[in-house]
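Since we're looking at a predicted model, the values are computed, not measured.
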Number of protein chains: 2
Amino acid sequence: MRKVLLKNIAEHVGVSIALVSYVLNGKAEEKQVGKEAAEKIRAAAAELNYQPNHIAKSLKTRKTYTIGLVVADIKYRFSTGITSAIEAEAKKKGYNVIFGSSNENAEKFNELTNVLVNRQVDGLIVVPSEDSQDQIALLQNSGVPLVLIDRYFPELNTNCIVLDNFKAAYEITSYLIRQGHARIGFVNLETTLHHLHERSRGYKQALADHGIEFSPHWLQKIGVNDRAKGVETALNQMLKREAPCDAVFFATDTLSIMGLKTMNGMNLKVPDDVSVISFDEAEAFDLFYCSVTHWRQPLEEMGKIAVKTLIDVIKHGKTYKQITLESSFVAGKSCRE
Amino acid sequence: MRKVLLKNIAEHVGVSIALVSYVLNGKAEEKQVGKEAAEKIRAAAAELNYQPNHIAKSLKTRKTYTIGLVVADIKYRFSTGITSAIEAEAKKKGYNVIFGSSNENAEKFNELTNVLVNRQVDGLIVVPSEDSQDQIALLQNSGVPLVLIDRYFPELNTNCIVLDNFKAAYEITSYLIRQGHARIGFVNLETTLHHLHERSRGYKQALADHGIEFSPHWLQKIGVNDRAKGVETALNQMLKREAPCDAVFFATDTLSIMGLKTMNGMNLKVPDDVSVISFDEAEAFDLFYCSVTHWRQPLEEMGKIAVKTLIDVIKHGKTYKQITLESSFVAGKSCRE
DNA sequence: ATTAATACTTTAAACGTTTAAAGAAAAATT
DNA sequence: AATTTTTCTTTAAACGTTTAAAGTATTAAT
């Protein structure tokens, strides 16, 4: 069953290929194609079930109507959420999404973005991995339409859709202070990623602004290898001492899960023994014995705006938009009242 | 910064485009390209950082080295697991993956597969949604290389990589019986999907083979809308009665999560009040107070074999392989000993 | 009845590759 | 020295579209 081509329709109707192309691309008016011919062409296309060859189309038009998406790790809730949001919005706008996961690895990130660019995607939406600023700069210079989400490099002038991580962490910490907590621990990742530094900064600033003197062991940073073990050690530092922390704030949902699991193992009751707040939610919270208070990232909105921004760049050329979205507090029962 | 083309390299070296193409496609030997010319061409390609235009390549060769993947719902753990497995294996073989999620909707499934085929993917790996057998048959007839995973239609002759769901459910149920359970509930989805029917069948057969008379209220099927509510009702049926079930077997991880959550709400203690087994695991189990006994699907293997099978079809034409993988029992602490 | 304007259609080049087939140069055989 | 063979290179068509530009009817204006 050979594919039907424009040529076949042209022969079938008895006109030139050009006319068929005009009509099937909605340029009948513009090109003043005769009504009768146009009708015949449309009928023939339907009858023969013509399906355009996008490869040929792309070659000629230099447009693929495909967006390349690179997430940090497909296993994160953030990634699946943002992916489906982006897919849905892209689809609405007539774009497809090709997607890959860098697994938080700069090398894989470079490779992936290169592959996507070589596949002639019209633009990229990426969650940059650690140490990817050089590649981001390269991409930016090469002229590929590019939008970063979630993470960004302050020294780089790129489009990005992000949160005010400083403010979020500041608010979370302030909330804990208002609830009467005096020794608040913060578990973050050991990383160079700016958005996570911002979270640490917000945490510290809130303490300072409320006149709480910061104790170094309150802020624990988890290295890349064996994170579960790292979280355990961190919590021991915070909770197994003279004046233990009375609240723990986790900088990511993954850390929260590991933390809550560890607390289960330590036979600590949330929130009686210790209050807990998570940055970002996790499906796993569903099975914890109490609902987990957390900070909510607007994934839907982020995905939508990322696609819109990208398409804007694709269609109208470079911009440098730094869009900061509002995120929100979701009260659960994991904090002492 | 205009893209570097074969033409540019040819001019740079002073040879024809054909020669450049031969060399850069590893056909230097075969086409007996002069050693010196070949070396110069390779050097120039490196120097100019030549990146082939895959669109043009594909147009000519009718190969895109792209696999289309349709999953049932990107939010399932199965989907993310299988997606990364497929991506990794495809990458190894020099293929890319374009991906979409049908959200368990036949219409979206049709649309997605059509889009992917129009994008000239070399083949499709799909988790078919309910009511998609017509589309599957169409695709099969159109000659697109096709591999189904996880689910399949027994009346359709297609390549598929699946589990023996009957056997798995049979073994799970038998295990519960061996542990001394006499009233075993099974929570499944209300669906026409064959693999889930197989699970019900395995469950029933195990009861029958062990001489346990099946009570209708033990088998609960959850409809599509408001599944959480459905699970709650189902568990009430099973557990709030004269002779309540002493064990519940959930047919999917999503059902398990909702079930365990509901049990928390009902103040039922696992496994003291009721034993629980899940088909497939979930990250959420991490936060449950006891480890959840479950049946493990070999996602890595499934993805790998799916890719291998598909590439085999792409390269060597149609086959009809029904590959059944072994799956395994993972003991936790959610069943009475 | 010309000419000019309008309405419609076709031609042909281009997009960046691949690859038969033909051609040219060099080496080997008469 | 002429011929054949081998080695290396180029030519040119093709993949399936899009789209200026040119062409040809038809209608309107003089």
Side-chain angles (χ1 to χ4, degrees), chain A residues 1-42 44-45 48-66 94 117-122, chain B residues 1-42 44-45 48-66 94 117-122:
Chain A
M1 210 166 27
R2 203 71 164 73
K3 274 266 175 188
V4 176
L5 312 177
L6 288 186
K7 196 174 132 181
N8 305 125
I9 298 179
E11 278 164 5
H12 192 268
V13 177
V15 294
S16 71
I17 293 176
L19 219 53
V20 179
S21 173
Y22 289 143
V23 171
L24 298 185
N25 284 299
K27 298 194 179 157
E29 293 270 288
E30 182 192 334
K31 297 292 175 172
Q32 307 188 115
V33 178
K35 297 247 175 196
E36 201 184 340
E39 218 26 80
K40 274 191 199 162
I41 288 167
R42 271 188 274 266
L48 302 176
N49 185 31
Y50 170 71
Q51 303 285 93
N53 181 323
H54 286 273
I55 299 284
K57 246 180 146 104
S58 296
L59 180 59
K60 187 63 199 171
T61 60
R62 295 150 177 281
K63 299 247 161 311
T64 57
Y65 290 96
T66 303
V117 169
N118 279 353
R119 296 271 160 164
Q120 330 292 132
V121 295
D122 290 347
Chain B
M1 213 167 23
R2 203 72 165 72
K3 274 265 175 191
V4 176
L5 311 179
L6 289 186
K7 196 173 130 181
N8 305 126
I9 298 179
E11 279 164 3
H12 191 268
V13 177
V15 293
S16 71
I17 294 177
L19 219 53
V20 179
S21 172
Y22 289 143
V23 171
L24 298 184
N25 285 298
K27 297 193 181 159
E29 293 271 288
E30 182 192 335
K31 296 292 174 172
Q32 307 188 116
V33 178
K35 296 250 176 194
E36 201 185 340
E39 219 24 81
K40 274 191 199 162
I41 288 167
R42 272 188 273 265
L48 302 176
N49 185 30
Y50 170 71
Q51 303 285 94
N53 181 324
H54 286 273
I55 299 286
K57 243 180 150 106
S58 296
L59 179 59
K60 186 63 200 175
T61 61
R62 295 150 178 281
K63 299 249 161 308
T64 57
Y65 290 96
T66 303
V117 170
N118 278 355
R119 297 268 161 164
Q120 329 293 133
V121 294
D122 291 346

*Please lay out, stage by stage, how B:Q51 and A:V117 fare under the test side chain to side chain contact (heavy atoms under 4.5 Å, CB included).*
CA-CA 10 Å; B:Q51 303 285 94; A:V117 169; over 6 Å; no

_Contact pattern, 5' to 3', of nucleotides 9-19 of chain D - B, S or - by protein heavy atom under 4.0 Å_ = BBB--BBBBBB

*Residues in side-chain hydrogen bond (donor to acceptor under 3.5 Å, both in side chains) contact with A:N53, at least two apart in sequence or another chain*: none

*Looking at side-chain heavy atoms only, is the closest gap between B:V20 and B:V15 below 4.5 Å?*
yes

_salt bridge (charged side-chain N to carboxylate O under 4.0 Å, His left out) partners of B:E11, counting only residues at least two apart_ = none

*Do the side chains of B:H12 and B:L48 get nearer than 4.5 Å, heavy atoms only?*
yes

*Evaluate the side-chain proximity of A:V33 to A:L19: yes if any heavy-atom separation is below 4.5 Å, no if none is.*
yes

*So, the side chain of A:S58 versus the backbone of A:H54: is there a donor-acceptor pair under 3.5 Å, distance only?*
yes

*Between A:I41 (CD1) and C:dC8 (C1'), how many Å, whole number?*
11 Å

*Going by heavy atoms in the side chains, are A:R119 and B:Y65 under 4.5 Å from each other?*
yes

*asked:* Just to verify, what does B:K57 make a side-chain hydrogen bond (donor to acceptor under 3.5 Å, both in side chains) with, not counting sequence neighbours?
replied: B:N25

_Generate the contact string for nucleotides 24-29 of chain C. Rules: B means base contact, S means sugar-phosphate contact only, - means no protein heavy atom under 4.0 Å._
------

*Angle, rounded to 10°, between the helical axes spanning five pairs at each terminus of the helix from C:dA1-D:dT30 to C:dT30-D:dA1?*
70°

*Looking only at atom types and distance, does a side-chain atom of B:R62 sit under 3.5 Å from a main-chain N or O of B:Q120, one as donor and one as acceptor?*
no

